[in-house]
Number of protein chains: 2
Amino acid sequence: MTATFERPPTATEAVITELRRLLVTGDLAPGSPVRQEALAERLGVSRVPLREALKVLEGEGQVQYHRHRGYVVSELSVDDLVEVYRMRELLEAEAIRVAVPRLTDADIVAISSASRDVDDAGQRGDLAGMTTANRDFHFLLFDAAAMPRLSRMLRGLWDATDVYRSVYFAGSDNRACVMHEHAALLDALESRDVRRAIAAQAEHRNHSVAAVTTALTSR
Amino acid sequence: MTATFERPPTATEAVITELRRLLVTGDLAPGSPVRQEALAERLGVSRVPLREALKVLEGEGQVQYHRHRGYVVSELSVDDLVEVYRMRELLEAEAIRVAVPRLTDADIVAISSASRDVDDAGQRGDLAGMTTANRDFHFLLFDAAAMPRLSRMLRGLWDATDVYRSVYFAGSDNRACVMHEHAALLDALESRDVRRAIAAQAEHRNHSVAAVTTALTSR
DNA sequence: CTGGTGGATATTGGATCCAATCTGCTATGG
DNA sequence: CCATAGCAGATTGGATCCAATATCCACCAG
């Protein structure tokens, strides 16, 4: 048995994780400056690991950096949003194209299990759980393409809109729609139908971009 | 006149720039570990800005990080190379699709000027100059798409293979080929022909992937 | 009232120091 | 001879302290 120990991560890693959480919960709101001293104290670390973590998030576009002025939580413009979704369209299609012919039965089982997790979280009205389960569902598929760079880029693109996407799951009709679309995608995967899978993913994504756009413009 | 002052950058920024240079020159060779103490001293800074710089390069995939074991300069596997070029294919096509209809005459002038710079550097046998001029040439086009995220990702993909690509310019027949292909691309741009531009870029890229692959496998 | 100047304060940038962890060698027992 | 425990040195991780820079506001000249 390969005991996968829960190694105590470094402070930097812990801070990265925690900052991501603060970003999706909106605890660090878009546009707000990052005060290092206060934030470091709040997280129980010094500013050094915090600054390393911020450099990572800067690379992902989650925060922006200005010399001697520090970091600001990124705001998503509509242009930026359009760009993110266009790139997702191109890259997700590629991921699916490569992944579907490689899908093992075990992959399908895992993906459908993740789909059930989304549904369960939806039933419970657990928005956070739904968000992570939804992400797992999609990235189980993307990762099956065995293209690590592609997966990483896609994760970055998803991260960029995570803050805004959570509102999507808030509407119960949206939730129903999601489950339906996941079922359609899963069906396409089971029959190893690349074209249908890409189409299903595209439709799914288009619904989400619409929701995020309204969330973004009506602020 | 907008006096663009040469502001003294922060140590972290300077280190990032210098590390990039060390990476493309092979001074930091793929696979070699990064000894922070020695490197920091060599650059005349403390380890703090060096570590921040390394986190940035880690995000770009230029170095890899292992907890408590530090950073190692990334090695490009053939799989990785294939992935990089496949993603370039998808994203560069998109960039050109969007950019070409938006190209102003001034853009064309700038691009053709950059093309001349590549030629000049080629005549002089200035490999480093050719590399940067070549990069400028292509990114003038890509940036014209006005999709900053896309540009950034493309830059990352180019960076990942820069070390290996320099060998491409070493061969004088390759250099002639590059100039020829640049002319073809430029011609397509001048007639605002998206399809031909994408094709020219694709052929250009395919030549380079072939060269980089041999450089990678024959080591 | 406007524009600019100077300085006090807040904030970030970076160096140094110490703690935590890893690595490699050596000794010791089987 | 091999395996393992443990120690010493090397290396990274993180906290603290001081320097450099930006921001803000009071003040003054025009």
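Letters go in sequence order (proteins before strands), and every chain restarts at 1. Because only heavy atoms are used, hydrogens play no part in the values below, and waters and symmetry mates are left out as well, while side chains stay in.
Scanning both residues, A:G122 and A:R175, for their nearest heavy atoms gives O-NE, 3.8 Å.
With rounding to the nearest 0.5 Å, the separation of NE2 in B:H138 from CG in B:L140 is 10.5 Å. One distance of note links CZ of A:R165 with CG of A:N174; it measures 13.0 Å at 0.5 Å rounding.
Ion pairing between a basic and an acidic side chain is recognised when a charged N comes within 4.0 Å of a carboxylate O; B:E18 and B:R21 show such pairing. By the 4.0 Å N-to-carboxylate-O rule, B:R116 lies too far from B:D119 to be salt-bridged with it.
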Using the 3.5 Å cut-off, write out each protein N or O paired with an N or O of nucleotides 7-9 of chain C and the distance between them.
none

Give me the distances for all protein-to-nucleotides 11-15 of chain C N/O pairs that come in under 3.5 Å?
from: C:dT11; atom 1: O3'; to: A:R35; atom 2: NH1; distance (Å): 3.4
from: C:dT12; atom 1: OP1; to: A:V34; atom 2: O; distance (Å): 2.9
from: C:dT12; atom 1: OP1; to: A:R35; atom 2: NH1; distance (Å): 3.2
from: C:dT12; atom 1: OP2; to: A:Q36; atom 2: N; distance (Å): 3.4
from: C:dG13; atom 1: OP1; to: A:Y65; atom 2: OH; distance (Å): 2.3
from: C:dG13; atom 1: OP1; to: A:H68; atom 2: N; distance (Å): 3.4
from: C:dG13; atom 1: N7; to: A:R47; atom 2: NH2; distance (Å): 3.0
from: C:dG13; atom 1: O6; to: A:R47; atom 2: NH1; distance (Å): 3.4
from: C:dG14; atom 1: OP1; to: B:A11; atom 2: N; distance (Å): 2.2
from: C:dG14; atom 1: OP2; to: B:T12; atom 2: OG1; distance (Å): 3.0
from: C:dG14; atom 1: N7; to: A:R51; atom 2: NH1; distance (Å): 3.1
from: C:dG14; atom 1: N7; to: A:R51; atom 2: NH2; distance (Å): 3.4
from: C:dA15; atom 1: OP2; to: B:S46; atom 2: N; distance (Å): 2.7
from: C:dA15; atom 1: OP2; to: B:S46; atom 2: OG; distance (Å): 2.6

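For residues 33-49 of chain B, the set of pairs meeting the salt bridge (Lys or Arg N to Asp or Glu O under 4.0 Å) definition, not counting sequence neighbours, comprises B:D27-B:R42. Among pairs with a residue in residues 70-91 of chain A, those fulfilling ring pair (Phe, Tyr, Trp, His ring centres under 6.0 Å) read A:Y65-A:Y71, at least two apart in sequence or across chains.
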Check residues 88-100 of chain A and write down every donor-acceptor pair under 3.5 Å in which the side-chain atom is one partner and the other belongs to a residue at least two apart or another chain.
from: A:R88; atom 1: NE; to: A:E92; atom 2: OE2; distance (Å): 2.7
from: A:R88; atom 1: NH2; to: A:E92; atom 2: OE2; distance (Å): 3.1
from: A:E89; atom 1: OE1; to: A:R86; atom 2: NH1; distance (Å): 3.4
from: A:E89; atom 1: OE2; to: A:R86; atom 2: NH1; distance (Å): 3.3
from: A:E92; atom 1: OE1; to: A:Q201; atom 2: NE2; distance (Å): 3.0
from: A:E92; atom 1: OE1; to: A:R205; atom 2: NH1; distance (Å): 2.5
from: A:E92; atom 1: OE2; to: A:W158; atom 2: NE1; distance (Å): 3.0
from: A:E94; atom 1: OE1; to: A:R97; atom 2: NE; distance (Å): 3.3
from: A:E94; atom 1: OE1; to: A:R97; atom 2: NH2; distance (Å): 2.9
from: A:E94; atom 1: OE1; to: B:R86; atom 2: NE; distance (Å): 3.2
from: A:E94; atom 1: OE1; to: B:R86; atom 2: NH2; distance (Å): 2.6
from: A:E94; atom 1: OE2; to: B:R86; atom 2: NE; distance (Å): 2.7

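Side-chain contact of A:T104 with A:D107: a donor-acceptor pair under 3.5 Å is present, judged by distance alone.
Shown for residues 54-64 of chain A: no residue has heavy atoms falling under 4.0 angstrom of DNA chain C.
Considering only heavy atoms from C-beta on, A:R67 comes within 4.5 Å of B:E13 through its side chain.
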